[in-house]
Amino acid sequence: MIADSLIIDPDNDADRSIENGSRQLVYATTASLLYLLRRDGKYFFIKRSAINDRRGKGILRREYELSIGCDHPNIVDVYSYESNPEGDDEILMEYVDGCPLNEFLLEKPSLKTRKRILLELIDAVDYLHKRRIVHNDLKPTNILISRNGNHVKLIDFGLSDDDAHYAIKTPGYSKGYAAPELRLSRKADSRSDIYSIGVLMGNILGNKYNYIRKKCLHANPEKRYKDIHHLVQAFNFLKKIRVFCILFISVLIIAGAISWVLASSNSSHRKNVEKLNDEIERQKEEISNLQLSYILLKDSIEQESAKSLAHIQKKQELIDGFASIVIKLKKNSLDSIRRCSTLRESFDVSNNFLNELQRVYRNYQKTVDGEDLTPLIHSIYLSEGEKAFEEFNKAFPEQ
């Protein structure tokens, strides 16, 4: 996972010492290193794997191949795949003078700016999906906001995949932003990115558009928006309702102004004015009814969204709770096996693990507000159990 790190500004005093051809480390994680490079008087980012082995090079090469063909104003440009004198493979990419989304939001930008940023992000993800690329790691630190114009620059394709690269995909995700299917190590598709967009909507817009956010965050991918196009359609529908109300109110104001002008200019038009006033009153009543319907619909949607978000949170807590219990049980059993001196002792520990795992599964709560979560709990039970016995076999003492 990429660490939460501030992207440095090459124009500040700390970085003016970077000479042409030299580089400076920006941040480091267990997976990758990112440097600021000055070449021919210009600044670039250069990224390499933290461990320059065959697997690390394969992941870096995959990221390069997925991103090199991308040409979108809200996606960072990738220029070349290189090797440095020490034999490390590296990706040369565009330098972005900006900061991560989470740091930008601390500056409390206007609602208009935040809405534009969300739409730029959605447009960038839509572009990737049309190229059959799933980003898989949408989170604030992978979304840079430029200082020049506050525009989105989407970075880091280290966890991305497409049909051609899925076979060498490295399991990974960022907690809090990954869809449930990623946390269960299942194959992701474009709806996994839509789930992450739903989480980011909460970061960017708070409690606005809860109805749309609720559908993005559905635990079942089949019940989310099936693609970005349908997500954008939902935004446009709400926008049309607001525009329609504004137009009606504008018509009312204009009609009232005309009525006043006619009434004050000539008394001979009084009858026409009275008819016009009657029409205005009728339109007032229609607009009032329309506004009331919209308010009732909006309140109903927001109330339902709040309930649904609370329900989603309960489900996630239940699923994560079960997974934590199983992982802890596995770890304790594995520690015990490593202390065993005979296969017989190891088999006894593994049998005890299986019995305890079955007991926990039988007794664990599997419903939330009436929804049956047995398939998800059972999936974790089988998946973690299988992983446990693979690790036990490796740890068994040799005879």
- Message: D189: which residues meet the salt bridge (Lys or Arg N to Asp or Glu O under 4.0 Å) condition with it, sequence neighbours left out?
- Response: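 Residues passing salt bridge (Lys or Arg N to Asp or Glu O under 4.0 Å) with D189: R191.
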
- Does NZ or CZ of K366 lie under 6.0 Å from the centre of the six-membered ring of Y361, at an angle within 45° of the ring axis? yes

- Test the K330-F353 pair against the cation-pi criterion, namely NZ or CZ under 6.0 angstrom from the six-membered ring centroid and within 45° of the ring axis.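 Not flagged: K330 not positioned over aromatic ring of F353.
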
- Task: Examine F45 together with Y95 and report whether their ring centres are nearer than 6.0 Å.
- Result: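 Aromatic pair counts; centres sit under 6.0 Å.
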
- Take H129 and D227 through the test side-chain hydrogen bond (donor to acceptor under 3.5 Å, both in side chains) and record every step on the way to the result. CA-CA 8 Å; H129 289 180; D227 52 37; over 6 Å; no

Treating [X] as the side-chain partner and [Y] as the backbone partner, does any N or O pair qualify as donor plus acceptor under 3.5 Å?
{"X": "T141", "Y": "P100", "value": "no"}
{"X": "R114", "Y": "I204", "value": "yes"}
{"X": "E356", "Y": "N352", "value": "no"}
{"X": "N150", "Y": "T113", "value": "no"}
{"X": "N332", "Y": "D335", "value": "no"}
{"X": "E384", "Y": "V326", "value": "no"}
{"X": "D88", "Y": "N84", "value": "no"}
{"X": "H135", "Y": "D156", "value": "yes"}
{"X": "S383", "Y": "S379", "value": "no"}
{"X": "S146", "Y": "H151", "value": "yes"}

- Task: For a salt bridge (Lys or Arg N to Asp or Glu O under 4.0 Å) with K47, tell me which candidate from E94, E90, E63, E82 qualifies.
- Result: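 So, applying the salt bridge (Lys or Arg N to Asp or Glu O under 4.0 Å) to K47 and each of E94, E90, E63, E82, only E63 qualifies.
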
- Message: Using a 6.0 Å cut-off, check whether atom CG of L111 has over 12 heavy atoms from anything other than its own residue.
- Response: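 For L111, atom CG is crowded (more than 12 foreign heavy atoms under 6.0 Å).
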
- Crowding at CG, N148 (>12 non-hydrogen neighbours, <6.0 Å): no

With side chains defined as the heavy atoms from C-beta onward, is the minimum distance between [X] and [Y] less than 4.5 Å?
{"X": "V26", "Y": "L36", "answer": "yes"}
{"X": "Y64", "Y": "R61", "answer": "yes"}
{"X": "I228", "Y": "I197", "answer": "yes"}
{"X": "Y195", "Y": "L138", "answer": "no"}

- Message: Do L382 and I327 sit in one hydrophobic cluster, given that two such residues count as connected whenever their side-chain heavy atoms are within less than 4.5 Å of each other, even indirectly?
- Response: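 No; I327 is not reachable from L382 via cluster members.
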
- Task: Please step through side-chain contact (heavy atoms from CB on, under 4.5 Å) for the pair N74 and L121, ending with a clear verdict.
- Result: CA-CA 7 Å; N74 301 119; L121 171 63; over 6 Å; no

- Sequence-distant partners of H218, side-chain contact (heavy atoms from CB on, under 4.5 Å), two or more places apart: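 Counting only residues at least two positions away or on another chain, H218 forms a side-chain contact (heavy atoms from CB on, under 4.5 Å) with N220, K223, R224.
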
- Would you please say whether a donor-acceptor pair under 3.5 Å links the side chains of S83 and D89?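 D89 and S83 do have a side-chain donor-acceptor pair below 3.5 Å.
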
- Task: Step by step, work out the side-chain contact (heavy atoms from CB on, under 4.5 Å) result for R183 and I319.
- Result: CA-CA 10 Å; R183 295 193 290 268; I319 293 169; over 6 Å; no

- Task: Begin with the C-alpha distance, continue with both residues' side-chain angles, and end with the deciding distance and a verdict on side-chain contact (heavy atoms from CB on, under 4.5 Å) for L217 and M201.
- Result: CA-CA 10 Å; L217 292 175; M201 279 181 63; over 6 Å; no

- Message: Salt bridge or not between E391 and K387? Use side-chain N to carboxylate O under 4.0 Å.
- Response: no

- Query: Which pairs with one or both residues in residues 101-121 pass ring pair (Phe, Tyr, Trp, His ring centres under 6.0 Å), sequence neighbours excluded?
  - Reply: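 Counting only pairs at least two positions apart or across chains, no ring pair (Phe, Tyr, Trp, His ring centres under 6.0 Å) contact touches residues 101-121.
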
